[in-house]
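Encoded as structure tokens, the structure appears first; notes follow it.
Lettering follows sequence order; numbering is per chain, from 1. Below, each value reflects all heavy atoms present in this structure, side chains not excepted, and no hydrogens, waters or symmetry copies. Since this is a predicted model, take the numbers as computed values, not measurements.
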Amino acid sequence: MDEKYFPEKIEEKWQRAWAESGAFEVEPDSDEGARPKFYCLEMLPYPSGFLHMGHVRNYAIGDALSWFKRLQGFNVLHPMGWDSFGQPAEQAAIKRGVMPREWTEANIEKMRGQFRRLGVSFDWRREIAAHTPEYYKWDQWFFLKMLERGLIYRKNSPVNWCPLEETVLSNEQSSGGVCWRCGASVEKRDLEQWFVRTTDYAQALLDDMKEIEQGWPERVLTMQRNWIARSEGAFVDFQIKESDERVRVFTTRLDTIYGATFVCVSTEHPVLEHALLKEEVRRFAERVRASRAAAVGAPGEVELKEGVNTGLFAVNPFSGEQVPVWAANYVLMEYGTGAVMAVPAHDERDFEFAQRYSLPIRRVIERVSHEQEQIAHDPVSRDQSAVMPHAFTDYGILVNSDDWSGRLSEDAKREMAESAKSKGFGESAITYRLRDWGISRQRFWGAPIPIVYCDGCGAVPVPEDQLPVLLPERAEFTGAGRSPLAGVAEFVNTTCPKCGKAARRETDTMDTFVDSSWYFFRYCDPKNVDAPFDKEAARYWTPVDQYIGGVEHAVMHLLYTRFWTKMMRDIGLVGFKEPVKRLMTQGMVVAETFYRDGEDAGSKVYYNPADVDVVRDERGRVSSATLVADGLPVTVGAFEKMSKSTNNGVDPDEMIQAYGADAVRIFSLFAAPVENDLRWQEAGIDGALRFLRRVYSTVHRWHAALSDAARDAPALEELADEVRGLRRMTHRTIRRVTDDLEEMHYNTAIAALMELMNALGDAGLAPEKASASERFVVREALESVVLMLAPFAPHAAEEMWEGLGHAGGILGSGARFPRADEELAKRELLEVPVQVNGKLRSRLSALPEATEDELRASALADEKVRGFIEGHEIVKVIVVPRRLVNIVVR
RNA sequence: GCGGGAGUGGCGCAAACGGUGGACGCGCCGUUCUUAAAAAACGGCUGUUGUGGGUUCGAAUCCCACCUCCCGCACCA
């Protein structure tokens with residue numbers, strides 16, 4: 001080994017060695033149970049052409065775990081691929097005329113190089129890319145399978161439309177009324193679309209969460225639970241007066257039905273097609289549609305509740321009362337039945353609407369407990385609209401409800417549903433907020449939907465043996481809101497698979513979340529031409545043991561992939577319900593921002609941290625900053641996610657060049673717990689590099705002296721106190737680091753290694769003077785550090801391991817993660833604090849096995865303690881062996 | 001508004017079960033080495049653990065209230 005640490009040189013050396021030996025290429029063990037398997041997966045990247053620091057962090061986390069498991073003797077699958085369909089490729093085509101495939105594949109090439117320079121331990125033979133026909137053929141195959149099973153259907157319905165990207169979005173992708181990718185306000189459009197019946201699995205998606213509760217972050221499960229939003233209630237039919245029609249409503253508060261003073265339907269509700277309706281109603285429905293299409297108003301902002309009286313009357317089946325039917329903008333056609341019974345006294349929205357249109361408010365629930373709010377009301381009047389300040393939405397006791405009066409809400413809900421069922425005008429029901437997954441996209445760069453439209457036969461699926469439906473190489477990219485495939489005649493024009501007559505292909509492509517819903521199964525068997533993957537291969541590797549990625553996919557990718565797995569189980573491809581046992585969502589990489597106010601009011605011009613000098617005050621706090629170019633001040637902004645718009649991004653390649661991949665990785669794992677945001681600071685990488693250099697130069701200083709050190713452990717008594725202490729610390733560190741790695745607490749694991757190195761330095765040993773037994777202890781410490789460093793800084797660890805006399809390095813020599821000797825990990829003497837009335841007064845030196853009595857006696861005998869207890873009555877003495885003594889006096 | 005999470009030195013963060021508050025790193029100050037600087041080595045620096053109350057011999061940790069911040073959802077009937 002070289003005297004000095006040259007990261008570039010050793011990183012290249014070991015990257016080549018790994019590639020040549022196929023160090024990370026794995027196959028299932030043939031003899032069952034030879035080694036346990038471990039599937040470590042990071043979310044696959046979109047090939048933008050550049051790795052960013054968020055990627056570096058993501059893959060550093062996964063790589064650390066992969067190395068750890070590998071060194072523990074697991075058969076580790078750690079694959080990589082590309083989420084290579086999607087909109088940016090098309091943008092490049094529109095802007096620069098480069099074809100999506102060329103652009104994408106050039107980007108993949110660039111990023112593969114970046115991954116190699118980072119030294120991530122992937123099995124590259126298993127690489128997959130979504131845009132290749134070998135891959136998307138199976139997207140199409142799954143489409144056909146789901147179609148056969150009735151899990152896919154086509155319908156014309158209002159869908160979420162992103163005006164900027166000119167394509168449809170799923171509900172998940174337009175959460176909060178904005179596009180998940182570009183943030184534009186989403187509009188509504190009527191389009192013919194293909195949908196996946198994810199709602200068929202709504203209950204399974206909820207129920208099966210209990211299988212993964214242990215391994216998934218609570219907040220991800222909460223987000224999914226809220227997204228699916230199961231709601232228990234009842235359907236009730238309201239007969240329309242002087243008509244055969246009924247309007248079915250969904251309610252979770254059947255107990256309030258006697259307070260229903262009107263019925264509200266969505267503006268898209270079929271009852272509005274009623275011939276006798278006034279022109280006014282139609283105009284209102286038209287206006288609501290237009291305003292939804294325009295997506296005006298800030299996202300999330302609640303629209304003013306508006307409505308119009310339809311002139312129809314509906315009969316409350318419980319009371320027999322006739323109430324007016326209104327059409328209102330706040331009733332959603334997509335949820336429940338598209339109609340509600342409005343109970344203004346006990347629902348805030350209905351209350352607001354009733355007040356606006358002077359509709360009566362009738363109180364039917366009274367509080368049951370004095371802890372509940374007493375809302376002002378008029379005890380004699382039937383209508384409370386003059387006195388009630390707001391709705392009472394709690395459960396309570398029924399009043400003004402015929403025979404039901406006096407019942408409790410909970411009981412009434414249940415019994416009224418039963419009654420409705422027996423009388424044939426309703427039943428209890430469960431609804432979900434989750435909607436079916438719209439997968440049609442008006443895009444070129446995606447998997448073609450394998451459907452042919454025939455004038456005679458309608459929508460005909462492409463037969464399985466004709467897959468894949470190939471994407472053409474080129475198309476006209478105008479950016480206009482229509483699938484570019486529609487303009488490619490040789491693609492569109494085909495013959496009907498059923499009747500053979502001329503027909504047209506579907507020109508929409510699939511949502512790219514289809515690709516990512518099952519990609520990690522394909523890694524198990526990436527070259528299969530007969531099936532998406534071999535069942536046996538998948539049975540060996542899956543489910544994924546640890547999945548790592550950003551939390552932004554909590555209700556998109558992670559919900560779809562859970563759905564997909566359940567679907568694959570139902571078609572017999574896999575044998576389990578949940579694809580991922582443990583999930584870790586890492587924090588963002590953030591960096592300081594620097595800016596000046598721009599020309600336009602409110603605009604800002606951002607400067608890259610690399611171009612800014614920072615001035616600190618005497619406490620070390622950043623006080624001001626200047627731009628290097630002109631020496632004038634810039635404003636110091638907050639830490640924000642690295643991005644183009646805030647110009648605070650850092651190029652991983654530059655960092656690797658300056659500090660080495662190992663230092664970059666150490667820093668990104670050490671600076672914060674993996675689930676926290678990571679503040680990128682170059683001074684921090686300096687620290688990481690310093691640490692690596694310190695380990696390296698220590699190994700170098702000792703490696704010659706250690707080459708002939710004894711392999712047999714010397715008797716502990718032979719060792720001087722400090723040396724014995726070092727040996728014990730080595731084993732304590734092994735234990736700590738092992739535990740921390742298991743929990744992915746990389747920051748504290750690295751801190752423990754630093755501590756051990758500090759202790760080694762403090763022991764004051766020198767290679768020239770060290771005795772044989774001392775050399776043993778030093779070698780044990782250094783070898784342990786080097787092996788434990790491998791998950792974080794694999795190149796440096798390999799180099800040092802070889803330097804310590806192990807030809808072939810860590811993987812080449814078959815080294816294993818060190819094991820702690822529990823006996824040796826014990827401390828010889830403990831410092832036990834002594835408190836008097838809870839205040840620290842002295843410290844005892846005690847043996848770990850000292851008994852309660854012994855500790856009590858020596859505490860009471862302690863010189864310093866006696867000063868505090870003399871002249872006082874001792875009330876009691878609390879002794880916690882190994883931890884503390886507390887003397888309570890009066 | 002609803003749901004979830006978090007507040008510890010100048011900063012990032014450590015502190016099994018309630019049991020010595022500050023490991024590790026950054027930063028800052030100083031010393032040694034050096035013509036000087038960098039590098040390196042060594043030494044030093046910072047606390048009513050967001051606020052108020054409670055439980056306890058003992059609270060960063062448990063309970064209650066409040067404040068602040070972050071994230072998710074938001075007319076879902």
TODO: Could you tell me whether the side chains of A:T748 and A:D740 share a donor-acceptor contact shorter than 3.5 Å?
DONE: yes

Flag for A:N758-A:R694: side-chain donor and acceptor within less than 3.5 Å
yes

Within the structure shown, what part of the strands sits under 4.0 Å from [X] by heavy-atom distance: base, sugar-phosphate, or nothing?
X	answer
A:V888	sugar-phosphate
A:E755	sugar-phosphate
A:R433	base
A:A683	sugar-phosphate
A:R690	sugar-phosphate
A:E334	nothing
A:V331	base
A:D350	nothing
A:G336	nothing

Separation of the [atom1] atoms in [N] and [M], to the nearest angstrom:
N	M	atom1	value
B:C45	B:C63	P	36 Å
B:G50	B:A14	P	15 Å
B:C42	B:G25	P	11 Å
B:A38	B:U32	P	14 Å
B:G10	B:G44	C1'	16 Å
B:G27	B:C71	C1'	30 Å
B:C24	B:A15	C1'	12 Å
B:G19	B:A59	P	11 Å

**OP:** Establish whether the base of B:C57 is bridged to the side chain of A:K876 by a donor-acceptor pair shorter than 3.5 Å.
**Re:** no

Should the side chain of A:N226 and the base of B:C73 be counted as holding a donor-acceptor pair, with the cut-off at 3.5 Å?
no

Its glycosidic angle compared against 90° from 0, B:C17 adopts the form syn

Judged by whether its glycosidic angle lies within 90° of 0, B:G9 is syn

Rounding to an integer number of Å, can you tell me how far [X] [atom1] sits from [N] [atom2]?
X	N	atom1	atom2	result
A:L434	B:C73	CG	P	14 Å
A:R827	B:A16	CZ	P	13 Å
A:L689	B:A39	CG	P	12 Å
A:I228	B:C73	CD1	C1'	14 Å
A:R694	B:A41	CZ	C1'	11 Å
A:R292	B:C75	CZ	P	10 Å

Name the orientation class of the two ring planes belonging to A:F792 and A:Y746 (parallel below 30°, tilted from 30 to 60°, perpendicular beyond 60°). perpendicular

(message) Please verify the inter-ring angle class for A:H557 with A:H553; under 30° counts as parallel, over 60° as perpendicular, anything in between as tilted.
(response) perpendicular

Would you indicate which nucleotide in [options] comes nearest to any side-chain atom of [X]?
X	options	answer
A:N747	B:A23, B:C13, B:C73	B:C13
A:R679	B:A77, B:C24, B:C11	B:C11
A:K305	B:G3, B:A39, B:C75	B:C75
A:N329	B:C75, B:G3, B:A77	B:C75
A:F670	B:G72, B:G58, B:C24	B:C24

Between A:R693 and A:T337, the residue closer to the 5' end of RNA chain B by nearest nucleotide is A:R693

task = Mark yes when over 12 heavy atoms from residues, nucleotides or ligands other than A:R827 sit less than 6.0 Å from its CZ; otherwise mark no.
result = no

query: So, are A:E854 and A:R856 salt-bridged, with charged N and O less than 4.0 Å apart?
result: no

For the pair A:E306 and A:R287, find out whether any cationic side-chain nitrogen is under 4.0 Å from an anionic carboxylate oxygen. yes

| said: For A:F639 and A:W680, I'd like to know if the aromatic rings sit close, meaning centre-to-centre distance below 6.0 Å. | reply: no

Would you say [N] has OP1 or OP2 under 4.0 Å from some side-chain N or O of [X]?
X	N	answer
A:S175	B:A74	yes
A:N676	B:C13	yes
A:T748	B:A23	no

